[in-house]
Number of protein chains: 2
Amino acid sequence: MSGADKGFQHAILATDIVIFAIKEGSLCILLVKMQKEHFRGYWAVPGGLINPSEPVEACARRNLLKAANADDVYLEQLYTFGEVDRDPHGRVVSVSYYALMPDWRFHLSNSTEYNAIEWFSIDDLPELAYDHDDVVLFAIERLRSKLTYSNIIFNLMPDTFTLSELQRAYEVVLNKKLDKRNFRKKILSLNQIASTGRRTVGKAHRPADLYRFKRKTVEIIQVL
Amino acid sequence: MSGADKGFQHAILATDIVIFAIKEGSLCILLVKMQKEHFRGYWAVPGGLINPSEPVEACARRNLLKAANADDVYLEQLYTFGEVDRDPHGRVVSVSYYALMPDWRFHLSNSTEYNAIEWFSIDDLPELAYDHDDVVLFAIERLRSKLTYSNIIFNLMPDTFTLSELQRAYEVVLNKKLDKRNFRKKILSLNQIASTGRRTVGKAHRPADLYRFKRKTVEIIQVL
DNA sequence: ACAAAAGTGTTATCCATACACCCATGT
DNA sequence: ACATGGGTGTATGGATAACACTTTTGT
């Protein structure tokens with residue numbers, strides 16, 4: 001069914017979602033294994049076709065729920081990929097999104113929907129189906145740049161965290177080392193986080209102060 | 001799971017293009033007067049439906065050529081508007097773009113395609129059809145922010161220009177006054193422009209040095 | 001001669017960077 | 001006791017921001 005021959009079919013619309021989380025000190029994305037012909041065995045970013053009565057973003061949220069069992073995480077539109085031959089099954093225009101999850105374990109609940117679904121470090125990705133290499137690159141670039149001029153990193157963090165954990169999150173996403181003292185000075189001056197008064201327990205070494213974000217709303221702020 | 005089986009109803013795709021130029025010291029966009037019912041008499045951003053065999057960006061370029069007679073200007077995808085009821089004629093998903101023109105006079109050649117087509121200052125816009133208010137706001141915001149971290153302003157400038165003209169371009173887009181001496185110091189330090197050795201002629205007052213951009217390729221640079 | 005835009009430097013302040021040692025805990 | 005990550009301050013350099021007068025031309 002090479003979709004574009006009869007009448008006014010224009011294009012079929014789909015969404016693809018790059019779902020980020022930090023797992024074991026790596027920035028990871030969630031991939032599913034394809035079963036469709038042309039790409040059987042390849043990994044791809046989760047996604048699906050849009051229903052006629054459904055807003056585009058609702059479609060992204062629906063597929064995000066299906067893949068990662070997450071329904072209230074950060075989701076932002078990325079880019080619309082509209083080349084004619086990007087899908088060998090027919091003309092499919094894809095609106096891509098990226099999502100940020102504070103906990104990679106979220107998705108474990110109903111993972112039976114897919115043949116296989118796994119977190120992959122962005123430094124060690126398998127070959128991807130369609131133009132999903134481009135989609136993923138786009139997402140990483142957007143995430144990196146947005147991290148430097150907004151507070152969206154809170155979407156990748158648990159409710160409470162240590163300053164070292166927050167610094168590691170920045171380092172992992174930006175892929176560069178930061179100076180501990182300068183980082184703390186800067187992050188504390190931004191009025192984004194506050195100490196909870198509690199400290200880590202049960203871990204080896206000196207306990208660390210636990211912080212939380214004062215507001216979980218996106219703000220535009222010069223971070224780094 | 002979807003309307004994939006119901007004769008490919010899904011969505012019709014269109015593009016909308018916010019076309020910018022600086023005219024008489026104002027940042028302006030090109031608008032066309034609607035003739036379709038529901039919005040007869042309203043102004044709207046140029047655009048049109050996508051052909052089945054056409055990449056999305058090609059559709060934007062085709063409509064840009066039709067509206068502004070421009071075929072090699074800067075064009076960048078903005079955002080995809082996918083609400084179900086954004087078009088009263090039916091379900092139309094629109095991929096929006098913005099374009100930058102170095103000369104507002106370009107479009108005068110074949111303006112007979114439209115009922116009416118005019119430049120409007122962004123400070124004095126008429127009521128717009130569809131969700132084009134949102135599209136325009138999005139475009140202005142993107143242009144402003146991109147002006148501060150890249151050199152794309154060259155797409156709004158003629159081949160040669162004075163430093164005062166360049167400064168006014170920044171001021172008009174960013175909507176704020178800049179200090180003349182600091183602006184010159186900064187812009188000259190960025191290695192983006194070079195003196196042509198020529199000066200303005202025929203104008204009143206002291207002649208100004210004419211500059212040109214060394215490279216007309218987009219670069220990411222901290223400007224302001 | 002006058003009106004109007006072009007052109008030109010210095011200073012003070014803020015921010016980013018570089019850098020090393022003691023502290024508190026679990027083992 | 002020791003290994004390990006947590007926690008802390010200062011000094012320097014570079015960039016930004018504030019600020020006013022002289023020059024050159026057309027009229």
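Just so it is clear: chains get the letters A, B, ... in the order the sequence lines come, proteins before strands, and each one is counted from 1.
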Problem - Any side-chain donor near an acceptor of the partner, B/S164 and B/R184, under 3.5 Å - result: yes
Exercise for the section: Give me the ring orientation class for A/Y130 and A/H132: parallel if the planes are under 30° apart, tilted from 30 to 60°, perpendicular past 60°. Expected result: tilted
Practice task
For DNA chain D, find the residues of residues 173-188 of chain B with a heavy-atom distance under 4.0 Å and give them by number; none if there aren't any.
Solution key: B/D179, B/R181, B/N182, B/K185, B/K186
Handout entry: With B/L13, the side-chain contact (heavy atoms from CB on, under 4.5 Å) member among B/V95, B/T80, B/V92
Key = B/V95
Handout entry: Passing candidate, ring pair (Phe, Tyr, Trp, His ring centres under 6.0 Å) with B/F161, options B/F154, B/Y211, B/F213
Key = B/F213
Exercise for the section: Would you mind reporting whether A/F20 and A/I29 have side-chain heavy atoms less than 4.5 Å apart? Expected result: yes
Exercise for the section: Could you list where the contact with chain A starts and ends along DNA chain C, reading 5' to 3', using a 4.0 Å heavy-atom cut-off? Expected result: C/dA16 to C/dG26
Problem - Nucleic acid contacts - residues 191-212 of chain B versus DNA chain D, non-hydrogen atoms under 4.0 Å - result: B/R199, B/K203, B/A204, B/H205, B/R206, B/P207
Practice task
Could you tell me whether the side chains of A/S94 and A/D16 share a donor-acceptor contact shorter than 3.5 Å?
Solution key: yes
Practice task
With the side chain counted from C-beta on, respond yes when B/E83 and B/D131 share a heavy-atom pair under 4.5 Å apart, and no when they do not.
Solution key: no
Practice task
Compare all side-chain heavy atoms of A/L163 with those of A/I193 and state whether any distance is below 4.5 angstrom.
Solution key: yes
Practice task
Using a 4.5 Å cut-off on heavy atoms from C-beta on, say whether the side chain of B/L100 contacts that of B/L143.
Solution key: yes
Problem - Phosphate contact (D/dG6 OP1 or OP2) by A/S164 side-chain N/O below 4.0 Å - result: yes
Exercise for the section: Would you give the length of the straight line joining atom NZ of A/K185 to atom NZ of A/K180, rounded to the nearest 0.5 angstrom? Expected result: 14.0 Å
